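In the text below, chain A, chain B and the rest are named by the order of the sequence lines, each starting its count at 1. Source: prediction; values computed, not measured.
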Amino acid sequence: MKLTIERAALLRSLGHVQRVVERRNTIPILSNVLLKAKGDELALTATDMDLEIVETVAAEVARAGAATAPAHTLYDIVRKLPDGSQVEIDGGDGGMITLRSGRSQFKLGCLPVEDFPQMSGTDVSHSFTVAAGDLRTLIDRSRFAISTEETRYYLNGIYLHAAKARTGGSDIPVLRAVATDGHRLARVEMPLPAGAEGIPGVIVPRKTVGEIRNLIDEAASGIEVAMSETKIRFTLDGITLTSKLIDGTYPDYERVIPTGNDKILEVDAKAFAAAVDRVATISTEKSRAVKLSLDRGSVVLSATSPEAGSAQEEIEVSYDAGPLEIGFNSRYLLDITQQIEGDGARFAMADPASPTVVRDVADPSALYLLMPMRV
Amino acid sequence: MGSGAPIPTGPGLCRDCGAAVPGDGAGRCAACGGRRVVRHPELGALAIAHMDCDAFYASIEKRDDPTLVDRPVIVGGGRRGVVAACCYLARLYGVRSAMPMFKALRACPHAVVVRPDMAKYATVGRAIRAMMLDVTPLVEPIALDEAFMDLSGTEAVNGGTPAATLARLAMRIEREVGITVSIGLSYNKFLAKVASDLDKPRGYSVVGQADAPAFLARQPVGLIWGVGPALRRRLAGDGVHLIGDLLPIGEREMAARYGAMGRRLFHFARGEDGRRVTPHDDPKSVSAETTFDGDVAAADELVRRLWPLCETVARRLKAKDLAAGGVVVKLKTADFRTVTRSRRLTDPTQIADVILEAARPLVERAADGTPYRLIGVGTDQLVDGLAADPPDLFDERRERRVAVDRAVDDLRARLGAGAVRLGRGLPR
């Protein structure tokens with residue numbers, strides 16, 4: 001294998017693929033990136049066995065072939081090369097590859113190409129295209145609620161599925177993303193893209209969600225999504241991200257979303273978030289509890305900590321129901337209010353021990369559920 | 001006054017009623033007629049105290065079972081156990097704390113051996129600590145049954161000198177808790193601790209600025225905290241037997257000979273100790289452990305042994321109103337190597353079942369056939385009890401678990417700790 005490539009193009013692609021490579025690996029080959037030169041393209045592949053990324057980039061290929069090289073080292077080298085330089089990659093046959101640029105030369109140890117694990121092909125059952133912006137919204141508004149708890153591994157991702165949203169008496173088919181850690185839940189939806197009818201409900205792992213989210217910002221056009229029962233594949237701008245899905249049953253989340261909460265609080269989302277943030281400065285690092293004392297037209301936010309002291313702030317709100325004291329984790333409150341782009345956030349509460357529903361007054365596509373804390 | 005204490009002169013204090021007893025020499029308290037009058041020239045000026053319960057565990061057992069009162073009592077357990085505590089009667093036969101049980105029983109075959117009930121002792125210890133905190137916020141616990149107290153500036157609040165307040169506190173503990181304590185009063189921690197040991201049990205010893213040097217000079221160096229058998233042998237080799245033997249040696253020379261300990265000895269020998277009485281911070285961990293009668297290697301047996309410990313830890317967490325953010329499993333191999341494995345919990349807990357479920361995989365991973373002699377479970381990253389076991393949108397099992405736990409606690413509170421035992425805690 002021998003090829004020449006622009007440093008900027010190589011750096012950009014390596015930047016994408018090296019993120020998939022875990023810093024610590026018990027299987028040495030997983031630390032490497034697979035380089036494949038053919039025609040006038042270089043294909044770079046990285047995998048952690050659950051998630052595989054392949055990116056194709058234009059290169060001048062003098063001799064077709066393949067090699068593997070340590071991903072992080074290669075990325076660090078290319079990152080430090082001067083702007084605008086050309087990089088020549090040579091070898092892969094004698095157990096080493098040589099990288100030359102200007103007067104710099106690096107020799108890196110390779111591992112056999114045959115050892116590089118290939119993710120088996122997917123029998124795609126459904127494929128559809130989503131606009132980059134729509135997918136970004138779907139992810140941003142749900143991923144914060146993904147659980148990290150190992151025992152309930154099926155909560156360690158976003159549950160993506162087709163559903164029906166009831167608006168004005170008619171059912172509209174939607175693509176839904178749901179994430180929860182048991183303390184809060186996010187349910188975000190967008191109109192169901194053509195081709196996504198009847199897709200299976202899938203749980204996309206947290207790492208995959210993070211990787212696709214990183215790539216979206218650079219995506220010029222739509223993103224192609226292909227699914228099977230066990231895998232999901234995202235294709236955009238010469239990059240293919242293939243991921244295993246979490247093999248588990250997502251809990252029946254609709255069951256826990258209350259519909260009869262009648263204590264309605266409306267706040268200016270930004271002002272509320274700022275006040276929560278201020279008051280939470282006092283709440284203990286580990287509990288982060290903030291108490292909301294609601295009464296007609298106002299809410300008093302307060303926090304106390306045996307070490308730090310206490311904080312209190314009153315804000316004017318729209319609230320007509322009877323007095324209520326309810327506590328929340330301030331970080332969870334902020335996570336949710338930050339997702340609200342409109343001015344107003346609406347909290348629908350029942351009592352200090354039951355889930356509270358939070359919505360954007362101006363945007364019905366997202367619904368958040370928040371479990372109160374004892375305060 | 002114990003051996004070597006100065007002849008009682010100066011202002012006096014009745015230990016039975018806390019009243020001041022004027023005049024010199026012996027004599028009864030004018031107020032209550034009590035005979036136990038403590039006198040010391042500096043009695044009104046000293047404020048640092050060390051209070052130590054007398055044969056704590058054994059005293060509690062005697063309190064709770066009057067038939068034990070005139071019999072030697074050893075608190076401890078198991079064939080491989082050690083003496084956790086022994087009463088003064090047992091001590092007459094040579095029984096000592098930390099002595100292996102078989103040795104203790106050889107020395108005193110007719111002793112009554114009582115299994116320790118740590119929860120009971122902790123409750124008593126807490127009650128005593130609360131009484132100490134009633135007279136000063138500066139209480140530095142050393143153990144369940146022992147603490148330093150700084151009573152400086154409490155005269156107005158307590159309506160009397162520190163000396164009088166301590167006498168009343170000792171009386172209150174006797175009256176309300178039913179066990180006796182010994183008090184050492186001095187001007188620093190080192191001397192207070194030394195003093196409390198002089199007149200045990202039910203003692204009250206005072207060491208003042210003026211009498212400290214002469215008093216110390218007559219004492220063996222082993223009296224100083226930190227001088228163990230090894231250092232004592234070394235000091236003896238250098239001709240130092242009594243604390244007074246240290247006085248001719250300069251500070252530099254002491255440091256050169258015995259390092260940091262040497263410097264400490266130099267100051268202690270002169271009755272100097274700059275350490276303050278500092279109330280402890282919040283506990284960093286809550287734990288329980290047990291030593292097996294015979295070594296255990298099987299995972300399921302280890303887990304079974306872990307369960308009562310988890311219950312103990314959960315009970316202690318609840319008692320302190322704390323919730324555990326992490327679980328630590330400790331195992332000691334037959335050859336005394338300690339293995340610890342820890343893991344963070346997703347949510348803070350107070351529930352034994354949750355602690356066990358977190359600990360189980362840690363134990364199973366460590367159970368590779370290695371024989372273990374001890375197992376323990378600890379919890380750390382402690383947070384406020386309010387944060388314990390938050391409700392979960394999907395985990396109804398947890399809510400049920402919390403409800404069961406509350407019900408069990410309730411029954412135990414009404415009917416006693418042994419009233420309810422979960423099936424897995426029953427012997428096979």
Side-chain angles (χ1 to χ4, degrees), chain A residues 145-156 159 178-187 248-258 283-291 303-308 326-330 332 351-357 368-375, chain B residues 133 137 279-286 317-318 320-327 341-351 353-362 364-365 379-403 405-406:
Chain A
I146 299 175
S147 168
T148 53
E149 183 189 337
E150 287 163 33
T151 42
R152 287 190 288 180
Y153 60 93
Y154 48 84
L155 298 183
N156 296 164
Y159 180 49
V178 175
T180 183
D181 61 3
H183 304 311
R184 61 246 172 94
L185 176 145
R187 189 192 76 185
T249 307
Y250 209 76
D252 179 7
Y253 65 88
E254 292 284 14
R255 190 176 51 79
V256 302
I257 300 175
S283 72
T284 52
E285 181 66 22
K286 278 165 186 154
S287 87
R288 297 178 179 278
V290 166
K291 184 163 83 176
T304 51
S305 130
E307 301 97 48
I326 188 166
F328 293 109
N329 182 316
S330 58
Y332 296 172
D351 59 66
S354 308
T356 289
V357 180
Y368 306 99
L369 208 57
L370 194 50
M371 207 66 185
M373 285 177 86
R374 292 188 285 265
V375 285
Chain B
L133 286 166
H280 276 314
D281 296 338
D282 293 336
K284 297 275 185 289
S285 71
V286 173
L317 285 169
K318 284 175 201 151
K320 292 172 198 261
D321 195 24
L322 293 169
V327 169
R341 296 276 180 275
S342 65
R343 112 176 238 198
R344 255 195 89 99
L345 293 169
T346 313
D347 296 306
T349 192
Q350 282 182 336
I351 296 180
D353 205 27
V354 177
I355 296 169
L356 182 74
E357 287 318 312
R360 183 196 297 273
L362 303 177
E364 284 170 351
R365 235 172 293 154
T379 52
D380 54 10
Q381 302 175 58
L382 303 177
V383 298
D384 195 301
L386 265 180
D389 307 289
D392 189 281
L393 287 165
F394 298 101
D395 193 352
E396 284 143 354
R397 235 182 97 223
R398 164 162 17 188
E399 265 160 61
R400 225 170 17 239
R401 220 148 46 169
V402 173
D405 211 60
R406 296 249 159 84

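Rounded to the nearest 0.5 Å, atoms OG1 (Thr346(B)) and CG (Asp181(A)) are 9.5 Å apart. Taking CG from Leu155(A) and CZ from Phe394(B), the interatomic distance works out to 7.0 Å, rounded to the nearest 0.5 Å. The CD atom of Glu149(A) sits 10.0 Å away from atom CG of Leu345(B), with the distance rounded to the nearest 0.5 Å.
Counting heavy atoms of neighbouring residues, nucleotides and ligands inside a 6.0 Å radius, atom CD of Glu150(A) does not exceed 12 of them.
Summarising the geometry of Leu393(B) relative to Pro355(A), their closest heavy-atom pair is CD2-CG, 3.8 Å, with the distance given to 0.1 Å. Looking at every heavy atom in both residues, Pro372(A) comes nearest to Pro391(B) through O-CG, 4.2 Å.
With contacts defined as side-chain heavy-atom distances shorter than 4.5 Å, the pair Thr148(A)/Arg344(B) does not qualify.
Tested against Pro390(B), the residues Met371(A), His183(A), Met373(A) include a single side-chain contact (heavy atoms from CB on, under 4.5 Å) partner, His183(A).
Salt bridge absent: Asp389(B) and Arg374(A) never bring a charged side-chain N and a carboxylate O closer than 4.0 Å.
Proximity to chain B is limited to the side chain of Thr151(A), based on heavy atoms less than 4.5 angstrom apart. At a 4.5 Å heavy-atom cutoff, the contact between Thr180(A) and chain B is made by side-chain atoms alone. The part of Arg184(A) that comes within reach of chain B is its backbone (N, CA, C, O), which places non-hydrogen atoms under 4.5 angstrom from that chain.
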